[in-house]
Every structure is written in structure tokens, then in C-alpha cells.
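I have placed the structure first, in the form of C-alpha cells, so that the comments after it can refer back to it.
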Amino acid sequence: MMSDYKVEMINDGMQEFYVHFHGPSDSPYHGGVWRIRVELPDAYPYKSPSIGFVNKIYHPNVDEMSGSVCLDVINQTWSPMFDLVNVFEVFLPQLLLYPNPSDPLNGEAAALMMRDRTAYEQRVKEYCEKYAKPEDVGAAPEEKSSDEEELSEDEYDSSDEAVAGQADP
């Protein structure tokens, strides 16, 4: 099903894993690679997966600290007809290609996008270069190389557990 993507399992279960996601071409995210944490609820596919960016991305609809994604089709209008291929081949690329600054999780990115699209796209590219190089997705946040130790405490505090939200009981 996900043969075109690098998938890393978390623990021994099949419900939590990472997927390496490449930014769509024809976008300022092109060339970036993100590690996406996926958690499947027990009721999947009747209940939507929990999706979050592990490495940082500058986007109006992605919380910069937690990596949470604001995307109606995942959060509100999910259907059992969708699957993870839809998430990685349609929903996330569309989110990156067509941000919605009127419903932001990152207010600064939304304001910059509306005020100065060129400056916004430059900031996106800076984040891609700094946080989304192919070698950045191979290591968990706590395994980063020593040359990245200058991250602020707030940047480092975005742990994997916070990315995809709380698991269902």
C-alpha cells in the first residue's frame, strides 16, 4: 500500500509509525523531506489517523511547536473510503500547495503569507534548508547531530509524543 514511501515502525505494533514525506514540486517546499508521525486509532479506517510533522515546517496550517496539522479532511470530514495513500499523495501535498491562512495554527506564517508572499516563500525555503534536508529525517529529534545544539529550549521541547496528540483510551 505505501511501497513508494519509507516507513519506520514505532515499537512492535502496527498502529504507530513514521513516514518520510517529500515536499511537492512546484512549491517552495520542493526539496524538503519531513518525517511524519502517523498514529492509527483502533477504529481506523472509520476514524481518522493522527498526523503530525516531526521536523519543523513553516506553514500557516501546521503548528510550529507540536507539528499538528489543521486539515479538515483529516480532522473533521474523514471517511473510511480514504486511506493513508490519500493522506500522503493528495491531502498533505494539497495542504502544502494551497495553505489556508484564514484558519491558521501558525499565526505568524499566516500573517506573513497574506502580507508578503515572496517573504513567506523565502522563509519556507529557509526552514526547508535548516530542518528538512534528507539527512534530517533519519534521526529522532533527540538524536540530532551536535552542530544543531544551538536550538532554543522551546524548539527542542517539541517531542515526538506531542506531535500527533493523545492516543484514544
Side-chain angles (χ1 to χ4, degrees), residues 2 5 15-41 43-132 136-137 141 151-152 154-169:
M2 298 280 293
Y5 297 92
Q15 290 184 288
E16 293 181 60
F17 48 91
Y18 297 111
V19 176
H20 293 200
F21 173 72
H22 295 260
S25 52
D26 301 328
S27 81
Y29 298 96
H30 179 71
V33 183
W34 287 269
R35 193 177 199 207
I36 307 294
R37 183 182 175 109
V38 179
E39 290 186 42
L40 301 179
Y44 178 83
Y46 301 101
K47 190 167 189 233
S48 66
S50 189
I51 305 289
F53 286 81
V54 175
N55 45 331
K56 284 184 156 209
I57 185 168
Y58 193 76
H59 191 283
N61 309 115
V62 179
D63 183 272
E64 187 174 0
M65 299 316 295
S66 71
S68 296
V69 176
C70 180
L71 187 59
D72 283 348
V73 75
I74 292 174
N75 298 328
Q76 281 111 26
T77 61
W78 179 262
S79 162
M81 295 182 351
F82 301 141
D83 60 23
L84 290 176
V85 173
N86 293 112
V87 170
F88 288 97
E89 291 189 358
V90 179
F91 304 151
L92 286 179
Q94 292 291 311
L95 178 74
L96 297 189
L97 287 166
Y98 307 106
N100 179 5
S102 62
D103 186 20
L105 283 176
N106 181 336
E108 179 199 331
L112 183 59
M113 181 183 174
M114 291 189 293
R115 187 176 65 247
D116 185 345
R117 185 70 183 229
T118 303
Y120 164 78
E121 290 183 1
Q122 182 58 42
R123 178 82 49 88
V124 166
K125 290 174 185 174
E126 289 169 9
Y127 268 58
C128 288
E129 183 60 36
K130 190 170 184 180
Y131 302 109
D136 292 332
V137 297
L151 291 176
S152 74
D154 287 342
E155 288 174 317
Y156 191 77
D157 279 347
S158 60
S159 68
D160 287 351
E161 288 79 21
V163 170
Q166 297 297 316
D168 291 329

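Given the structure is predicted, the values throughout are model-derived calculations rather than measurements.
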Is a side-chain donor or acceptor of [X] paired with a backbone partner of [Y] at a separation under 3.5 angstrom?
| X | Y | result |
| --- | --- | --- |
| Trp34 | Lys56 | yes |
| Gln15 | Glu39 | no |
| Ser27 | Leu97 | no |
| Asn61 | Cys70 | no |
| Thr77 | Asp72 | yes |

Sequence-distant partners of Glu89, salt bridge (Lys or Arg N to Asp or Glu O under 4.0 Å), two or more places apart: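 Salt bridge (Lys or Arg N to Asp or Glu O under 4.0 Å) list for Glu89, sorted by chain: empty.
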Residues that Glu129 engages under salt bridge (Lys or Arg N to Asp or Glu O under 4.0 Å), provided they are two or more places apart: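 For Glu129 there are no salt bridge (Lys or Arg N to Asp or Glu O under 4.0 Å) partners, ignoring immediate neighbours.
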Parallel, tilted or perpendicular: rings of Phe21 and Phe53 (30°, 60°):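 Aromatic pair Phe53/Phe21 classed perpendicular.
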Plane angle bin for Tyr58 and Tyr120 - parallel if under 30°, tilted between 30 and 60°, otherwise perpendicular: tilted
Residue pairs passing the side-chain hydrogen bond (donor to acceptor under 3.5 Å, both in side chains) test where at least one lies in residues 97-106, sequence neighbours excluded: Asn100-Ser102
Listed partners of Phe91 passing ring pair (Phe, Tyr, Trp, His ring centres under 6.0 Å), at least two apart: Phe82
Nearest-0.5 Å distance that lies between atom OH in Tyr131 and atom CD1 in Ile57: 13.0 Å
Between CD1 on residue Ile51 and CG on residue Leu92, distance to nearest 0.5 Å: 6.5 Å
Shortest non-hydrogen contact from [X] to [Y]?
| X | Y | answer |
| --- | --- | --- |
| Val33 | His20 | CG1-CB, 4.4 Å |
| Pro41 | Pro49 | CD-CA, 3.9 Å |
| Pro45 | Trp78 | O-NE1, 2.8 Å |
| Lys125 | Pro28 | CG-O, 3.7 Å |
| Ser68 | Leu105 | O-CD1, 3.5 Å |

Salt bridge (charged side-chain N to carboxylate O under 4.0 Å, His left out) assessment of Glu121 paired with Arg117: CA-CA 6 Å; Glu121 290 183 1; Arg117 185 70 183 229; 3.2 Å; yes
Under the side-chain contact (heavy atoms from CB on, under 4.5 Å) test, residues paired with Ala119 that sit two or more places apart: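 With sequence neighbours excluded, Ala119 shows a side-chain contact (heavy atoms from CB on, under 4.5 Å) to Leu112, Asp116, given in chain and number order.
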Listed partners of Pro101 passing side-chain contact (heavy atoms from CB on, under 4.5 Å), at least two apart: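 By the side-chain contact (heavy atoms from CB on, under 4.5 Å) rule, Pro101 matches Ala110, Met113, Met114.
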Leu84 and Tyr44: CA distance, side-chain angles, deciding distance, side chain to side chain contact (heavy atoms under 4.5 Å, CB included) verdict: CA-CA 11 Å; Leu84 290 176; Tyr44 178 83; 3.7 Å; yes
Inter- and intrachain pairs under salt bridge (Lys or Arg N to Asp or Glu O under 4.0 Å), touching residues 104-114, at least two apart: Glu108-Arg123
